Amino acid sequence: MVVSMKHWFKRLFCKHDYKPFTKNSKFHHIQGERVYIICTKCGHEKGSIFYEYEGSGYK
């Protein structure tokens, strides 16, 4: 899902609705998976979490 970046003034007054999203890349399954926390209304990124893969599952 691609969320366009709206004008900064609109993002300032947005009542954020954060959801987790992942980016698809060819090397993300080798070491782990990065999950980004992004607002679905305005595209503001709150942060990201890296889930490291260790053989039988994620840490």
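Here the structure is a predicted model, which means the values were calculated and not measured.
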Which value, rounded to the nearest 0.5 Å, describes the distance between Lys19 atom NZ and Ile38 atom CD1?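 Going from NZ on Lys19 over to CD1 on Ile38, the span is 13.0 Å.
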Once rounded to the nearest 0.5 Å, what's the spacing between atom CZ of Arg34 and atom OG1 of Thr22?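 One finds 12.0 Å between CZ of Arg34 and OG1 of Thr22.
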Close side-chain approach of [X] and [Y], heavy atoms under 4.5 Å:
X: Thr40; Y: Phe21; result: yes
X: Tyr36; Y: Lys46; result: no
X: Phe50; Y: Glu33; result: no

For Tyr18 and His44: C-alpha separation, side-chain torsions, deciding distance, then whether side-chain contact (heavy atoms from CB on, under 4.5 Å) applies. CA-CA 9 Å; Tyr18 291 110; His44 179 259; 3.1 Å; yes
Evaluate the criterion side-chain contact (heavy atoms from CB on, under 4.5 Å) for residue pair Cys42 and His16; output intermediate values, then yes/no. CA-CA 8 Å; Cys42 68; His16 298 296; 3.5 Å; yes
Output yes when a side-chain donor or acceptor of Lys41 lies under 3.5 Å from a complementary backbone atom of Lys15, and no otherwise.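 A pair under 3.5 Å: yes.
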